[in-house]
> 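Pasting in a structure now, in structure tokens, and then I'll have a few things to ask.
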There are 2 protein chains.
Amino acid sequence: MTVQDIRSFNRFYTNVIGALDYGRHLYAPYTLTESRVLYELAHAPRTDAADLRTQLHLDAGYLSRILNKFEEDGLVERGPSKTDPRRRRISLTERGREAAALLDERARETVGAMLDTVRAEDRPRLAEALRTVRTLLGEGRAPRPEDVVLRDPVPGDLGWIVQRNAALYAAEYGFNLEYEGLVARIVAEYAEDHDPHLERTWIAELDGRPVGCVMVVRDDVPGAARLRLLLVEPDARGLGIGDRLVGAVVAFAREAGYREVVLWTNDILAAARRIYQRHGFVLVGEKPHRSFGQDLVGQDWRLDLLATPE
Amino acid sequence: MTVQDIRSFNRFYTNVIGALDYGRHLYAPYTLTESRVLYELAHAPRTDAADLRTQLHLDAGYLSRILNKFEEDGLVERGPSKTDPRRRRISLTERGREAAALLDERARETVGAMLDTVRAEDRPRLAEALRTVRTLLGEGRAPRPEDVVLRDPVPGDLGWIVQRNAALYAAEYGFNLEYEGLVARIVAEYAEDHDPHLERTWIAELDGRPVGCVMVVRDDVPGAARLRLLLVEPDARGLGIGDRLVGAVVAFAREAGYREVVLWTNDILAAARRIYQRHGFVLVGEKPHRSFGQDLVGQDWRLDLLATPE
DNA sequence: CCCGATGTTTGACTCAGTCAGAGATTCCCG
DNA sequence: CGGGAATCTCTGACTGAGTCAAACATCGGG
């Protein structure tokens, strides 16, 4: 049950943060809240008091007093805001910047000490996990199409294609090991021998994580390119990734001088079908078969590149 | 830079926790600290005050007063500890259990509401990421050998084998795409057709994450089993996983009636070689070759099952 | 048996954070 | 354009979470 997971993580992480400040020397001579204000000011040097209040969720009176203290200590200067005379423009003085830098340095050291307890080979996994938590929990500005990049595969990506194809179709449609074997064979043949001018694979990457793929290879029929292994992760669907992948294949096939693009798929894959249709593919044949432990209806689709100029 | 990542994650997660308690109704009529004490008591019904102090890092005087209040409200009873009369044994009353349950319910609801903002298909990734952060950060009781289980592959695991083999050997030894193709072909052949009595694959799993694998298949030589694709993730090495995987292969081969186990490896893989030697394999031949973009020395190893009875 | 360490309690205190009200100004609506 | 509601900032008055020190009891090791 995930609610339990989160709650126990909350308890855990509260301890982590508490342990960082063990002995309360971290923020001295300021309080945690004062430090947060200082941090905010240092990273957005010209802010109004109202901005601080909303960003740090502070009580107006409390903040006012904190700024009083900072002003007495010569850390900030208060001036009128240009846009609205009710507001006060707060800016750090040189001393204020120094104080912020000192706190920053202390925090960096403390966190660094904690990070030293993590084995170097584990750190990338940690960074990845932190990013995942952040993007999924609220900070999740929903990913936008322009965050997705198409790139060539690097070592391991072909394995990723096998893994995700097998795991996803097993979960969604109950495909068995036979399917994983088929995908593995396709990528094996591609890896062992392919002509980069005529055959290619793309990985769609979102925030550094692969979320989609497609492959195009020469078909047995001369002049025909075959599109294979189109896949988009469920949590990355709706961003037009499938469209871009198929678009890349079609453009590449045209460029490489193919006369047509063909592909084989199954009727249960409705979302993929719509993508193919949008790119001008037409259904040229259907045939039931039993594969991957399921009764399926295979479909052959075809895009005539000569009939549909760019 | 990872220190920055952690610090910004800390700020982020402090906000997350703060947002959960927005309006401060979460713990009413208790304070956060009181709630934590109550929670601790509810989950370890008979604890001494000293245990609470160390576990929650509380000031002794503060805790004493909190317990006073709880006792006045009839939530706890204080008695002498059996083992040490200086200590006080704290136990929840029925009312105390009810109060704890109420707080628990509220927390569950609040966290549940937050979780609802996460798309269902993203939740497994979130849970996985939280677990990773926890195990890597301090809660990292170093993994012990008994945390590792060997299991059969599930859909996606063969792809994982391809992915990790390719990525690791590319990073450590500069192997190129050719190697990924070789691994993909091996798993493809295995997936397409294998006799479960004579051929098998194991995945080593640590805390629900695959960290190692090995495969055994029939060799061309009659009566010989071939060990392939032995791999252990770098961050899981030193737990004897490689040993257990090879041990599983040897035991299986013996059981299945093979007369010998053979394998092919390369001289640069020193750690693997030691494992093979420990299990009685002997080097029967060496031959330089150029593969995977590197100059290598291939080695054939052999374990005679008849000469080395169980 | 003595001495330092540990466990608990109470008194006295600090200071982070809240609440309400006042004065200045802007924004919105008729 | 005028007036009322809302916004921004500040101060006074307060609450209450958490700390520190002292006192007393008991344990454990030499």
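In what follows, chains carry the letters A, B, and so on, assigned in the order in which the sequence lines appear, proteins first and then strands, with residues in each chain numbered from 1.
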> For a quick test of reading the model: is some side-chain N or O of A/R88 closer than 4.0 Å to OP1 or OP2 of D/dC8?
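No.
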> Could you write out each protein N or O paired with an N or O of nucleotides 11-16 of chain C at a distance under 3.5 Å?
residue	atom	partner	partner atom	Å
C/dG11	N7	B/R65	NH1	3.3
C/dG11	O6	B/R65	NH2	2.6
C/dA12	N6	B/R65	NH2	3.4

> Indicate the atoms forming the closest heavy-atom contact of B/L26 with B/R106, along with that distance.
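Result for this residue pair: O-NE, 3.0 Å.
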> Do A/T47 and A/R89 get their side chains close enough for a donor-acceptor pair, meaning under 3.5 Å?
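Side chains of A/T47 and A/R89: no pair found under 3.5 Å.
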> Quick one: do B/S8 and A/R134 satisfy side-chain hydrogen bond (donor to acceptor under 3.5 Å, both in side chains)? Show the steps, please.
CA-CA 10 Å; B/S8 98; A/R134 264 178 91 150; 2.2 Å; yes
> To the nearest 10 degrees, how far apart in direction are the end axes of the helix from C/dC1-D/dG30 to C/dG30-D/dC1, each fit to five base pairs?
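End-to-end axis angle for the helix from C/dC1-D/dG30 to C/dG30-D/dC1: 30°, rounded to 10°.
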> Quick check on the 6.0 Å ring-centre criterion: do B/Y39 and B/Y27 meet it?
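Not under 6.0 Å, so no.
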> Please encode protein proximity along nucleotides 25-30 of chain D as a string of B, S and -, counting only heavy-atom distances under 4.0 Å.
BBS---
> If I compare all heavy atoms of A/L231 with all of A/W160, which pair ends up nearest, and what's the gap?
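Closest approach of A/L231 to A/W160: CD2-CH2, 4.3 Å.
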> Tell me the closest heavy-atom pair linking A/T110 and A/L20, and the distance in Å.
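Minimum heavy-atom separation between A/T110 and A/L20: CG2-O, 3.3 Å.
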> Which is more 5' along DNA chain C, the nucleotide nearest B/N68 or the one nearest A/L32? Just name the residue.
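First, find each residue's nearest nucleotide; the 5'-ward one identifies B/N68.
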> Show the nearest heavy-atom pair for residues B/L245 and B/W202, with the distance to one decimal.
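Minimum heavy-atom contact is CD2-CB, 4.0 Å.
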> State, to 0.1 Å, how close A/L38 and A/L92 come at their nearest heavy-atom pair, and which atoms those are.
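For A/L38 versus A/L92, the nearest heavy atoms are CD1-CD2, 4.0 Å.
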> Ring-plane angle category for B/Y13 and B/F9, please: parallel below 30°, perpendicular beyond 60°, tilted otherwise.
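Ring orientation of B/Y13 relative to B/F9: parallel.
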> For A/R87 and C/dA24, is the shortest distance between a side-chain N/O and OP1 or OP2 below 4.0 Å?
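No.
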> Within the side chain of A/T132, is there an N or O that forms a donor-acceptor pair under 3.5 Å with the backbone of B/A129?
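No: the side chain of A/T132 does not pair with the backbone of B/A129.
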